[in-house]
There are 2 protein chains.
Amino acid sequence: MLKTERQAYILRQIDLHNRILSSDLSTEINVSEDTIRRDLNELADMDKIIKVHGGALSKSFHSSFLKSDVYQADSKRLIAQKVVPLIRNNMFILTTGGTTIIEMARILPPDLNATFFTGSIPAAHEYAQHPNIEVIFLGDKISKSSQIAVGGEAISKISGIKADLCIMGINAIDETGITDNDWEVIQVKRAMIQAAEKTIVLSIAEKVNTHQKLMICGLDEVDTMITELDPSHNLFESYKKHGITIL
Amino acid sequence: MLKTERQAYILRQIDLHNRILSSDLSTEINVSEDTIRRDLNELADMDKIIKVHGGALSKSFHSSFLKSDVYQADSKRLIAQKVVPLIRNNMFILTTGGTTIIEMARILPPDLNATFFTGSIPAAHEYAQHPNIEVIFLGDKISKSSQIAVGGEAISKISGIKADLCIMGINAIDETGITDNDWEVIQVKRAMIQAAEKTIVLSIAEKVNTHQKLMICGLDEVDTMITELDPSHNLFESYKKHGITIL
DNA sequence: CATTTTTCTGCAAATTCTTGCAAGATAATT
DNA sequence: AATTATCTTGCAAGAATTTGCAGAAAAATG
């Protein structure tokens, strides 16, 4: 990794999280802490960040008191961390939008080389930041309620894809399957599951064993489910029986 | 392999991967690293790439790296204010991306009822916030350097549109016409101008009477030009002679 | 105030860069 | 066609950069 690249990555991480630890960056990028510290000092000299003992802060730190108002952000970050290892180089990956997916997009390792398909503007935006990821946007008409592309164009584009993974944030899952409450979104999600070899669903535990009005698919279409809880939690018994891997 | 050929190859690789190592190129093309380095330096002198220790980066990479705050934000806000009145209800409008366009998107009156087409993720995102605007995203493959959709898919989608207005942020304009420096972006912008009845170009005054390498169109294709200056400024004399309305 | 963590300093190894130079290729000129 | 000038490329040696490491200094923590 080139020095400039590394510093750009650091800057981006600081923009994203408002603060970072030298030690975290060190293990993340796989360079010594000295190097990170020198980078941070250089960036601080350039007035791009604020260097503090043990790490650095975003210059607009004051605004970070407003914090992001993402519900259960910590859980979602945890889920995101569990997904990342499943993504390998050269994969074709279909994803939905949703805050958990965004969180995932942000922590994808910088050297990952993959193609991401999505109909979500925020997700596409995040993927596009990444140095080695190819982004394909699916569809044309954008639904305001869900901030994703919907309609026949999106569906037909998705159908034309043979993806390795479908990574999907969901709203409700129970023994009968995955459900949602937006007709247009349902269509898109169904098409995505069809188009991918494996389907990974992401959900905070709170949504497990709940259901909504519209069915997306049965449990047999799901390969892996990821929540913030430990996989051994007894909440997942019935899902395991359906052959779903819990992470 | 000829020098020019080699440099074209290098440029293409950088466009493709956003970054390259001198050593990789050396083994790839089978010339000494010195030669690669000299090539990179030449390309950097021509402002086509960013040379860094150990290799080079795409120019766009650097701009997103510097990002911080918007250059001449005040001017751009002023320009945005001048555009808004030109947009009427029920219009079909093609727009590019760019910070000026984003600024415009933010101040669109809430009761405006129109359909916006764009290939820019940030622009689409802004439009999607608006209560009464319909957003159509153009294209699928997203170029990291420009953050817009590029390629045949985008072009053909644009060609299928008959829009009332094309509102375009530009990089350079002089007596010969509008120019830019990114081949893929050129294609998209050209298609947009073709597909729209009227073309409005937005530019900060600093860019007026400058030019870049690649031609988008002549002045006769432009209907209106908007800058932050007063329309009576003598900078615009020659443009007025070409029948362009200055605002 | 003792312990742990982080930072600073100097140093060494590896890599990359610069520079001058020479040989070959290409272009220009007579 | 011959000669001269210019360009291109590879090589080598010294300079500069980058990075990791070790030990001392400084800061944070309880």
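So that the names make sense, note that chain A is the first sequence line, chain B the second, and so on, each numbered from 1.
Between the side chains of B:T35 and B:S32, a donor-acceptor pair is found at a separation under 3.5 Å. A donor-acceptor pair shorter than 3.5 Å can be found between the side chains of B:D180 and B:N171.
Considering only residues two or more places apart in sequence or on other chains, A:F92 meets the ring pair (Phe, Tyr, Trp, His ring centres under 6.0 Å) condition with A:F117.
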Name the pairs: protein N/O against N/O of nucleotides 22-25 of chain C, kept only if under 3.5 Å.
none

Nucleotide N/O of nucleotides 17-19 of chain C paired with protein N/O under 3.5 Å:
| residue | atom | partner | partner atom | Å |
| --- | --- | --- | --- | --- |
| C:dC17 | OP1 | B:K51 | NZ | 2.9 |
| C:dC17 | OP1 | B:G54 | N | 2.8 |
| C:dC17 | OP2 | B:R37 | NH1 | 2.4 |

Apply salt bridge (Lys or Arg N to Asp or Glu O under 4.0 Å) to residues B:E153 and B:K157 and explain how you reach the verdict.
CA-CA 6 Å; B:E153 170 72 18; B:K157 269 278 181 53; 3.4 Å; yes
Carefully, step by step, assess A:T95 and A:Y127 under the rule side-chain contact (heavy atoms from CB on, under 4.5 Å).
CA-CA 11 Å; A:T95 79; A:Y127 295 139; 2.8 Å; yes
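If you measure from atom NZ of A:K3 to atom P of C:dT15, you get 18 Å, rounded to the nearest angstrom. If you take CZ of A:R6 and P of D:dT17, they are 16 Å apart, rounded to a whole angstrom. Distance, A:I36 CD1 to C:dT5 P: 19 Å, rounded to whole Å. The CG-P distance, from A:L40 to C:dT7, rounds to 8 Å in whole Å. Rounding to whole angstrom units, CD1 of residue B:I29 and P of D:dT8 are separated by 16 Å. Between the P atom of C:dT6 and the CG atom of A:D24 lies a distance of 10 Å, rounded to the nearest Å. Distance, A:E42 CD to D:dT17 P: 11 Å, rounded to whole Å.
Between B:E237 and B:K241, no side-chain nitrogen of the basic residue sits less than 4.0 Å from a carboxylate oxygen of the acidic one, so the salt-bridge criterion is not met.
B:E228 places a side-chain heavy atom less than 4.5 Å from the side chain of B:L78. With contacts defined as side-chain heavy-atom distances shorter than 4.5 Å, the pair B:V150/B:Q187 does not qualify.
Nearer to the 5' terminus of DNA chain D, by closest-nucleotide assignment, is the contact made by B:S32 (compared with the other of A:S32 and B:S32).
Remark: side-chain polar atoms of A:N113 are not paired, donor with acceptor, to backbone N or O of A:N90 under 3.5 angstrom.
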